[in-house]
Chemist: 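Pasting in a structure now, in structure tokens, and then I'll have a few things to ask.
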2 protein chains.
Amino acid sequence: MNDPLAKTIPPDVGDGTPPQRGSARERVERTIRHALLTGRFVPGRPVTLRGLAQDLGVSPMPIREVIRSLAAENALDIRPNGRIEVPRMTPARLVEIMRAREMLEPELAAMATGNLSRADAKDLTRIDDAIDRSIESGDAEAYMRLNHDFHFRIYRAAESKVFLPLVESLWLQFAPFMRIVYGRVGTAALEDHHKDAIAAIIAGDRQALKAAIAADIGAGMHLLQEAGD
Amino acid sequence: MNDPLAKTIPPDVGDGTPPQRGSARERVERTIRHALLTGRFVPGRPVTLRGLAQDLGVSPMPIREVIRSLAAENALDIRPNGRIEVPRMTPARLVEIMRAREMLEPELAAMATGNLSRADAKDLTRIDDAIDRSIESGDAEAYMRLNHDFHFRIYRAAESKVFLPLVESLWLQFAPFMRIVYGRVGTAALEDHHKDAIAAIIAGDRQALKAAIAADIGAGMHLLQEAGD
DNA sequence: CAGGTCAATTTGTGATCACATTTCGAATGA
DNA sequence: TCATTCGAAATGTGATCACAAATTGACCTG
């Protein structure tokens with residue numbers, strides 16, 4: 001079947017609460033973004049308005065708007081014939097995405113340094129522990145969700161309305177592909193620099209956090225090069 | 001009146017040609033993007049679906065999709081109450097946009113170096129001459145259009161489907177504000193490093209082109225600091 | 001069994017409508 | 001003169017519909 005969403009999101013909980021302004025769209029957007037980020041959409045597979053609409057229990061209308069948003073972020077591709085699909089990854093594109101990440105994310109993390117409290121560090125430690133468990137158990141979907149949570153918990157603290165959307169766009173672009181990679185090579189080989197990042201946050205060391213994030217991205221790229229063999 | 005578009009785009013040329021698939025949406029998108037980039041939209045002014053629809057001679061439907069796209073690129077802001085407006089600029093936001101530009105655009109130009117021929121250099125010279133004329137005559141709108149043409153003629157040559165959209169998003173964000181600045185301080189003080197860039201392209205000097213673009217962005221920022229006094 | 005043909009189905013697009021919310025403006029009051 | 005109120009107008013949202021283009025799949029032909 002072609003509904004990676006129906007399993008996780010009930011069509012509609014008819015709980016009698018009156019729908020609020022823009023609520024359908026927001027719910028649809030949250031759902032689809034989350035599905036994209038955890039790799040529930042397969043690159044190259046066509047996506048249809050009516051299909052998603054039925055899965056999510058709404059009319060095609062809010063779907064159309066969300067699809068347009070995601071297409072504008074290059075998270076979805078609208079072909080010349082109107083067909084919608086998750087973009088296929090190419091080696092060249094992947095390299096560019098990672099280069100853009102290396103330029104933006106360490107800087108964004110550095111901007112966040114001053115705004116990250118010890119409580120944030122504690123939350124990040126908790127997330128990182130869960131990440132380790134997901135790697136052990138080989139749960140790729142949980143890993144992706146938690147890894148995203150970890151990074152964006154940091155990035156959001158920067159409170160940048162300019163950098164954050166750019167980085168979000170990049171994650172939406174490579175996430176579906178990464179899901180394929182994890183499915184192929186497993187999660188065992190995954191290594192990150194999260195603990196370095198947490199230490200840098202506790203120390204309030206801006207440069208160290210920047211370096212840790214850069215190293216983390218570099219490690220991800222290294223995994224991909226090995227997987228390519 | 002609230003229709004910065006009606007003046008430039010006739011509602012509809014009823015030439016009998018049957019509309020093609022997605023053509024209304026594309027025309028609307030081109031028109032609004034161009035209007036944004038040349039500062040025809042004033043920050044803070046509300047934008048309405050039906051208003052634009054009437055100006056462009058279409059139903060509100062294609063407008064809705066284009067607005068969603070542009071909102072996803074942070075070129076428009078959709079308030080919690082659903083109101084659409086051109087984002088207001090703040091000093092902090094402007095600084096972030098310029099920092100992001102400094103990170104991405106020189107690199108994008110460097111990527112383009114090998115793909116830029118002598119013919120491209122000739123075109124760029126022609127555009128730069130027109131820019132000089134627009135500065136002399138004080139035609140801010142022409143200046144903005146030509147300056148955008150100059151930069152993106154270079155950037156497009158990089159053929160990067162990752163970097164180019166990120167940079168386009170940034171331009172859409174600061175353009176409406178720059179129009180205000182030019183209106184306030186005039187265009188006389190404008191200086192750029194376009195001739196350095198053209199020389200670098202002819203020489204095929206990747207680093208020099210990178211430096212020229214970086215300097216060009218820096219000069220724009222310098223102008224803003226002076227205008228802020 | 002492979003390749004082409006054509007009709008039925010599916011798809012995105014654009015328009016229109018009903019509706020709740022918000023915004024705006026004129027009338028009213030102190 | 002200024003603030004308030006209240007009704008009319010305008011706005012975004014979500015649904016539905018008609019339509020043309022594209023896709024699909026069964027059927028036929030060789």
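Order of the sequence lines sets the chain letters (A, B, ...), proteins ahead of strands, with each chain counted from 1. Owing to the predicted nature of the structure, the values given are computational and were not obtained by experimental measurement.
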Chemist: Distance check needed: C/dG12 P versus A/E65 CD, whole Å only.
Modeler: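 Rounding to the nearest Å, CD of A/E65 and P of C/dG12 are 15 Å apart.
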Chemist: Starting at CZ of A/R25 and ending at P of D/dA15, how long is that distance when rounded to a whole Å?
Modeler: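 Computing the A/R25:CZ to D/dA15:P distance gives 13 Å.
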Chemist: Answer yes or no: does a side-chain N or O of B/R50 lie under 4.0 Å from OP1 or OP2 of D/dT13?
Modeler: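 Looking at the OP1 and OP2 atoms of D/dT13, neither is under 4.0 Å from any side-chain N or O of B/R50.
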Chemist: Base, sugar-phosphate or nothing for B/R79? Non-hydrogen atoms, less than 4.0 Å.
Modeler: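 The residue B/R79 makes no contact with any strand.
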Chemist: Between A/W171 and A/H151, how do the two ring planes meet: parallel, tilted or perpendicular, split at 30° and 60°?
Modeler: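 If you compare the ring of A/W171 with that of A/H151, the planes turn out tilted.
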Chemist: May I ask you to evaluate whether B/S59 reaches the phosphate of C/dG14, defined as a side-chain N or O under 4.0 Å from OP1 or OP2?
Modeler: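 Negative; the distance criterion is not met.
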Chemist: For B/D77 and D/dT11, give me the distance from atom CG to atom P, rounded to whole Å.
Modeler: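 One finds 18 Å between P of D/dT11 and CG of B/D77, rounded.
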Chemist: Any side-chain N or O of A/N81 under 4.0 Å from OP1/OP2 of D/dT23?
Modeler: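 The answer is yes; a side-chain N or O of A/N81 sits under 4.0 Å from OP1 or OP2.
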Chemist: Using atom types as modelled and distance alone, determine if a side-chain donor or acceptor of A/R27 lies under 3.5 Å from a backbone N or O of A/L56.
Modeler: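 Yes, the answer is positive, given that a donor and an acceptor are paired below the 3.5 Å cut-off.
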Chemist: Starting at CD of A/E29 and ending at P of D/dT13, how long is that distance when rounded to a whole Å?
Modeler: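 Result: 12 Å.
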Chemist: By nearest atom, which of the nucleotides C/dA15, C/dT13, D/dT23 is closest to the B/P62 side chain?
Modeler: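 Nearest to the side-chain atoms of B/P62, counting from C-beta on, is C/dA15.
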Chemist: From the list D/dT16, D/dT13, C/dT13, which nucleotide is the closest neighbour of the side chain of A/M61?
Modeler: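 The answer is D/dT16, which lies nearest to the side chain.
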Chemist: Exactly one of A/L37, A/L36, A/T38 should register a side chain to side chain contact (heavy atoms under 4.5 Å, CB included) with A/H34. Which one does?
Modeler: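 With A/H34 as partner, side chain to side chain contact (heavy atoms under 4.5 Å, CB included) holds for just one option, A/T38.
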Chemist: Tell me the interatomic distance from B/I78, atom CD1, to D/dT13, atom P, rounded to whole angstroms.
Modeler: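 Roughly 6 Å, once rounded to whole Å.
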Chemist: Could a donor-acceptor pair under 3.5 angstrom be found where the side chain of B/R64 meets the base of D/dG14?
Modeler: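 Check passes, donor-acceptor contact within cut-off.
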Chemist: Rounded to whole Å, please give me the gap between CZ in A/R83 and C1' in D/dT23.
Modeler: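 Those two atoms, CZ and C1', are 6 Å apart.
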Chemist: If you apply the rule salt bridge (Lys or Arg N to Asp or Glu O under 4.0 Å), what do you find for A/R33 with A/E73, and how did you get there?
Modeler: CA-CA 11 Å; A/R33 290 185 105 90; A/E73 298 180 64; 2.8 Å; yes
Chemist: Go through it in stages, so that I can follow the logic: the residues are A/F163 and B/R99, the test is side chain to side chain contact (heavy atoms under 4.5 Å, CB included), and I'd like the CA-CA distance, side-chain angles, deciding distance and then a yes or no.
Modeler: CA-CA 9 Å; A/F163 281 80; B/R99 277 181 64 193; 4.2 Å; yes
Chemist: Rounded to the nearest angstrom, tell me the gap between atom CD in A/E85 and atom P in C/dG12.
Modeler: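 Roughly 12 Å, once rounded to whole Å.
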Chemist: Rounded to whole Å, please give me the gap between CD1 in B/I84 and C1' in D/dT11.
Modeler: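 Atom-to-atom, B/I84 to D/dT11, this comes out as 9 Å.
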